[in-house]
2 protein chains.
Amino acid sequence: MNKKPNLKDVAKLAGVSAITVSRVLSDPDKVSALLRQKVDSAIRDIGYIRNHAASALASKKSGVLAVIIPSLSNIVFNDVLQGIYQAANAGNMQILLGDCHYSPLQEEKLIATLLSQAPEGIVITGTAQTDYARKLLLQADIPLVQIMELTDQPIDMNIGFSHYQAAYDITQHLLQQGYRAPAFVGARMDPRTQQRLAGFKQAIADWPEPCRSFVQTTAQPSSIKLGGQLLQAVIAGSDNQCDAVFCCNDDLALGALFECKRMNLSVPKDIAICGFNDFEASALVEPAITSVASPRVEMGRRAVEMLLSAAGKGRHSVAPVDVGYSIRVRSST
Amino acid sequence: MNKKPNLKDVAKLAGVSAITVSRVLSDPDKVSALLRQKVDSAIRDIGYIRNHAASALASKKSGVLAVIIPSLSNIVFNDVLQGIYQAANAGNMQILLGDCHYSPLQEEKLIATLLSQAPEGIVITGTAQTDYARKLLLQADIPLVQIMELTDQPIDMNIGFSHYQAAYDITQHLLQQGYRAPAFVGARMDPRTQQRLAGFKQAIADWPEPCRSFVQTTAQPSSIKLGGQLLQAVIAGSDNQCDAVFCCNDDLALGALFECKRMNLSVPKDIAICGFNDFEASALVEPAITSVASPRVEMGRRAVEMLLSAAGKGRHSVAPVDVGYSIRVRSST
DNA sequence: GTGAAAGCGCTAACAT
DNA sequence: ATGTTAGCGCTTTCAC
């Protein structure tokens, strides 16, 4: 068994030095056309593939970016990942992905693990890092982007939108439609869900006319099924007074809608339903569900682009980016 | 700016040799408790993080696995990825993920790129690799698992289930329910969708009584919306004769169902609908949609486990694994 | 435009 | 149980 060919083997075959081969690979313009051709065919001949570890060690460039998301099962992050991989691909970067399952402690461990690969940048979800995690990240001294939400005290760069404001707006929309006893239905209760709840509460508090409100939450992960259960709970818990439900995401909203149909409640007449994240299904069910849309793919893409263009520059070289959101008003409200 | 500490720095601080520090990191049991403690605290003191590239270069172990999936937006692969990351995490492996967008050519490029990271194993979706890709993979001489479908000629290992047989079974189910003019509705038409179409056709051909059948396909990617459009098309294309629709996935099935409601067609009375992949929503809509379920998370997990346990062994050391599927009969048929 | 020498930070192999 | 030596395969630096 002949071991894998290396740079020297290619060099020997092409009748040049190793460094010339290296240059053909990373900076072809610095090599004359003749040699370049020779080298290229030698590479193809022996099926040479450059050893990334050696390259990374010598050049101190790992060619990887680290990404930490809280969940692989939440479709929301699919979209973000699509944007991330798109931009990484365009920049010839590999992605090292970690799923911290919404746990800051797991996130801390992941950070330590991923940093050992010497990523040239890191994308991290949200702003709820542990102190030690922040220390590690600062120490690593690489560009970093916190995504999804906005914060006044970013570790470095930041891109996202205000979940608080979006929730405030959609709640206000319910009130404007005449609903006077809205409920917030939330699952998981991660930081962004909490911000949505805060926005909901503030919108109620700010409303000039008197109105009641209800809150039904659980730490369980979101699912369509859970949406049905929580709808039941909120109706029972409000003594049938609740006339509108703001679900912290569209999974719950869909479940709530299906449950209403089963209970023969008319949406939006007996009860209004709105969600968050604007899944495709939300626009296509009957009645279509009002929801909050945000440019997730774009956010992922831009986060990576920010990393790539921040190379070399110091911290906070890029101002926080608000990607915004929009309330998609549909017939469920 | 003091540069990052390395092994020697830790060793000096702890008063030991570099290799001892290395051992504490990779094989603590080989070091006495006393030294281990000293080293551990030195590591923490100066915030040492091991340089992965150097480690990989010296040990010839990259600690990464390559994974290629055809789509990040298809929820199906989310589930598979969850299993993959789960098992990779348990085995202290990092994942390098590539999305080939259902293109064998992009897949080929991805393989070349990912191989340069010297992965210790590779997970690849399906069996439609280009010749050159197969050559690269064989040459790489690392454990490989083809996932999702089963094949008689795996490159190395294989885990999946028969999409042909699953489609055959669900079509037979339609026929057994008395439907005599079923249609196949397919999008994307990737290899596994083609297999489902083949199973559909064979089930029709094998049915003892005469029946008509229709096929409506498009190369467009699946979506709920497209499901509605294709339902329209198949009804028009069959002159209203079609009495059952087998959608190649649940996105389309949901769209078809929503469209039926809009058209005031009763499901399953006027028309039956069934899908593939068993999404959560399929079980919760009214009427619930008959679909094909398969253990996707488990498949991902086991694929990685197969890689990890195949280290060192030769090709085909593990027999192909059929994870099976089950038809979830619900009220839509 | 091309090459020679040195060394990136770690671990395998071999001592002790 | 611990240390010494050598070298992984590449790129940087500097020379020509």
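Since we're looking at a predicted model, the values are computed, not measured.
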Notebook entry, point to check: Is the shortest side-chain N/O distance from A:Ser22 to OP1 or OP2 of D:dT11 below 4.0 Å?
Noted result: yes
Next item on the list: Check whether the side chains of A:Gln117 and A:Ser62 place a donor and an acceptor atom closer than 3.5 Å, and report yes or no.
Entry: no
Atom pairs, N/O to N/O, protein against nucleotides 3-5 of chain D, distance under 3.5 Å?
unit_1: D:dG3; atom_1: OP2; unit_2: B:Ser17; atom_2: N; d: 3.1
unit_1: D:dG3; atom_1: OP2; unit_2: B:Ser17; atom_2: OG; d: 3.0
unit_1: D:dG3; atom_1: OP2; unit_2: B:Thr20; atom_2: OG1; d: 2.6
unit_1: D:dG3; atom_1: N7; unit_2: B:Arg23; atom_2: NH2; d: 2.8

Next item on the list: To the nearest 0.5 Å, tell me how far A:Thr193 OG1 sits from A:Tyr102 OH.
Entry: 7.0 Å
Margin query: Measure CG/B:Leu57 against P/D:dC8 and give the value in whole Å, please.
Written below: 9 Å
Next item on the list: Could you tell me the separation between the CD1 atom of A:Ile95 and the CG atom of A:Leu65, rounded to the nearest 0.5 Å?
Entry: 4.5 Å
Notebook entry, point to check: Name the one of B:Val318, B:Asp322, B:Leu150, B:Val323 that satisfies side chain to side chain contact (heavy atoms under 4.5 Å, CB included) with B:Ile159?
Noted result: B:Val323
Next item on the list: Decide yes or no for B:Asp27 and B:Lys30: does some side-chain heavy atom of the first lie under 4.5 Å from some side-chain heavy atom of the second?
Entry: yes
Notebook entry, point to check: Roughly how many Å is it from CD in B:Gln117 to P in D:dC10, rounded to a whole number?
Noted result: 14 Å
Next item on the list: May I have the distance from B:Asp27 (atom CG) to D:dA1 (atom P), rounded to whole angstrom?
Entry: 11 Å
Notebook entry, point to check: Going from CG on B:Asn158 to CG on B:Leu144, what distance comes out if it is rounded to the nearest 0.5 angstrom?
Noted result: 9.5 Å
Margin query: Using the side chain to side chain contact (heavy atoms under 4.5 Å, CB included) definition, which of the options A:Thr151, A:Val123, A:Ile122 pairs with A:Gln146?
Written below: A:Thr151
Margin query: Is it true that, when you exclude B:Gln37 itself, more than 12 heavy atoms of the residues, nucleotides or ligands shown sit nearer than 6.0 Å to its CD?
Written below: no
Next item on the list: Rounded to the nearest angstrom, tell me the gap between atom CG in A:Asp9 and atom C1' in D:dG9.
Entry: 11 Å
Margin query: Using a 4.0 Å cut-off to any heavy atom of chain A, which nucleotides of DNA chain C are the first and last in contact, reading 5' to 3'?
Written below: C:dG1 to C:dG9
Note to self: If I take atom NE2 in residue A:His52 and atom C1' in nucleotide D:dC8, what distance separates them, rounded to the nearest angstrom?
What the structure shows: 15 Å
Next item on the list: Send over the distance from A:Ile43 CD1 to D:dC10 P, rounded to a whole Å.
Entry: 10 Å
Note to self: From CZ of A:Arg50 over to C1' of D:dC8, roughly how many Å is that when rounded to an integer?
What the structure shows: 17 Å
Checklist line | 5' priority, DNA chain D, between B:Val31 and A:Ala53 [closest heavy atom] | finding: B:Val31
Check: Could you state the CG-C1' distance from A:Asn6 to D:dC8, rounded to the nearest angstrom?
Finding: 10 Å
Next item on the list: Could you tell me the separation between the CD atom of A:Gln195 and the CE atom of A:Met148, rounded to the nearest 0.5 Å?
Entry: 10.5 Å
Notebook entry, point to check: D:dT11 phosphate, OP1 or OP2: any side-chain N/O from A:Lys61 under 4.0 angstrom?
Noted result: no
